[in-house]
Amino acid sequence: MNIFRLLGDICHLVAIIVLLLKIWKTRSCAGISGKSQILFALVYTTRYVDLFFTYVSLYNSVMKVIFLASSYATLYLIYVKFKATYDFNHDTFRIEFLLIPCVILSLLITHDYSPVELLWTFSIYLEAVAILPQLFMVSKTGEAETITSHYLFALGAYRALYIVNWIYRYYTESFIDGIAVVAGIIQTILYADFFYLYITKVLKGKDFKLPA
Amino acid sequence: MGDIVAHDEL
């Protein structure tokens with residue numbers, strides 16, 4: 001564990017809490033892509049099946065349980081409790097276009113052909129693109145609530161900090177996981193446009209609106 | 001496919 005990874009995990013946690021609080025406080029999931037949240041729940045479920053097989057540390061296990069529980073809580077809020085506020089008309093990204101390539105890619109490029117490893121690989125590839133339905137929704141409506149943009153920023157910053165952590169680990173431990181690194185870089189690049197607008201607009205107190 | 005990597009990250 002190094003400071004970059006810890007900061008990354010904290011950003012990840014903050015993102016999830018911000019999203020849950022936003023939905024809970026406003027009693028609405030307007031502007032939130034339920035499809036991205038389904039994909040994230042799938043990411044955590046397939047990655048953290050190792051909770052039953054490998055123990056890394058108490059920190060790891062607790063965080064995994066939090067990520068799993070919060071992702072299903074988010075789905076419950078969107079699809080059950082505040083279903084009436086769910087903006088399904090704008091949440092039209094076809095997730096099979098992400099799921100099928102991720103399944104194929106995880107069968108082609110993996111560290112090992114064991115069920116748990118294949119699920120882990122799939123979860124890494126899927127996480128890289130899971131935000132696309134949300135970004136698609138923002139681009140469709142042309143705007144995002146400020147709190148939603150904070151959520152997206154924290155979620156994007158998390159993987160960007162992991163990249164710094166991987167560079168650090170490469171030099172200090174000679175540790176490198178090619179699959180996670182390449183997927184993590186792609187994941188971060190997908191947020192690049194958003195980061196730019198967030199920094200130039202939201203941090204200056206303006207609304208998050210895409211240029212017309 | 002390369003070495004098996006221990007997944008100690010989240």
Side-chain angles (χ1 to χ4, degrees), chain A residues 1-2 4-6 8-13 16 43-44 47-51 53-57 59-68 106-114 116-121 123-124 127 158-159 161-163 165-166 169 173-181 184, chain B:
Chain A
M1 173 68 83
N2 57 64
F4 308 110
R5 210 201 112 184
L6 183 63
D9 288 347
I10 290 170
C11 274
H12 197 179
L13 202 56
I16 289 166
V43 164
Y44 302 132
R47 189 175 309 166
Y48 299 155
V49 282
D50 72 349
L51 264 173
F53 306 104
T54 25
Y55 178 79
V56 178
S57 65
Y59 170 83
N60 259 58
S61 298
V62 169
M63 291 293 262
K64 284 172 180 174
V65 171
I66 292 174
F67 289 150
L68 275 168
S106 56
L107 291 170
L108 292 176
I109 305 173
T110 177
H111 292 303
D112 181 40
Y113 283 94
S114 72
V116 175
E117 188 64 29
L118 285 171
L119 286 173
W120 178 88
T121 312
S123 83
I124 291 289
E127 184 188 346
Y158 134 72
R159 220 49 174 173
L161 283 159
Y162 257 67
I163 295 175
N165 148 68
W166 291 323
R169 290 191 73 177
E173 305 166 38
S174 302
F175 173 91
I176 186 152
D177 181 342
I179 288 175
V181 170
Chain B
M1 280 300 161
D3 299 325
I4 296 170
V5 177
H7 305 305
D8 58 352
E9 294 177 343
L10 291 165

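Each chain gets a letter, A, B and so on, in the order the sequences are listed, and its residues count up from 1. Every value quoted in this text rests on a predicted model; they were computed, and no experiment measured them.
When all heavy atoms of A:Phe67 and B:Leu10 are compared, the closest pair comes out as CE1-CD1, 4.0 Å. Across every non-hydrogen atom of B:Asp8 and A:Arg5, the tightest pair is O-NH1, 3.1 Å.
Proximity to chain B (any heavy atom under 4.5 Å) is restricted, for A:Tyr158, to the side chain, taken from C-beta onward. At a 4.5 Å heavy-atom cutoff, the contact between A:Tyr59 and chain B is made by side-chain atoms alone. Residue contact with chain B, scored on non-hydrogen atoms closer than 4.5 Å, involves the side chain of A:Asp9 exclusively. A:Ile176 touches chain B through its backbone: at least one of N, CA, C or O sits under 4.5 Å from a heavy atom, while the side chain does not.
Here the CE-CD distance, from A:Met63 to B:Glu9, works out to 12.5 Å after rounding to the nearest 0.5 Å.
For A:Asp50, the salt bridge (Lys or Arg N to Asp or Glu O under 4.0 Å) criterion is met by A:Lys64, not counting sequence neighbours.
A tilted orientation is assigned to the rings of A:His111 and B:His7, their planes being inclined by 30° to 60°.
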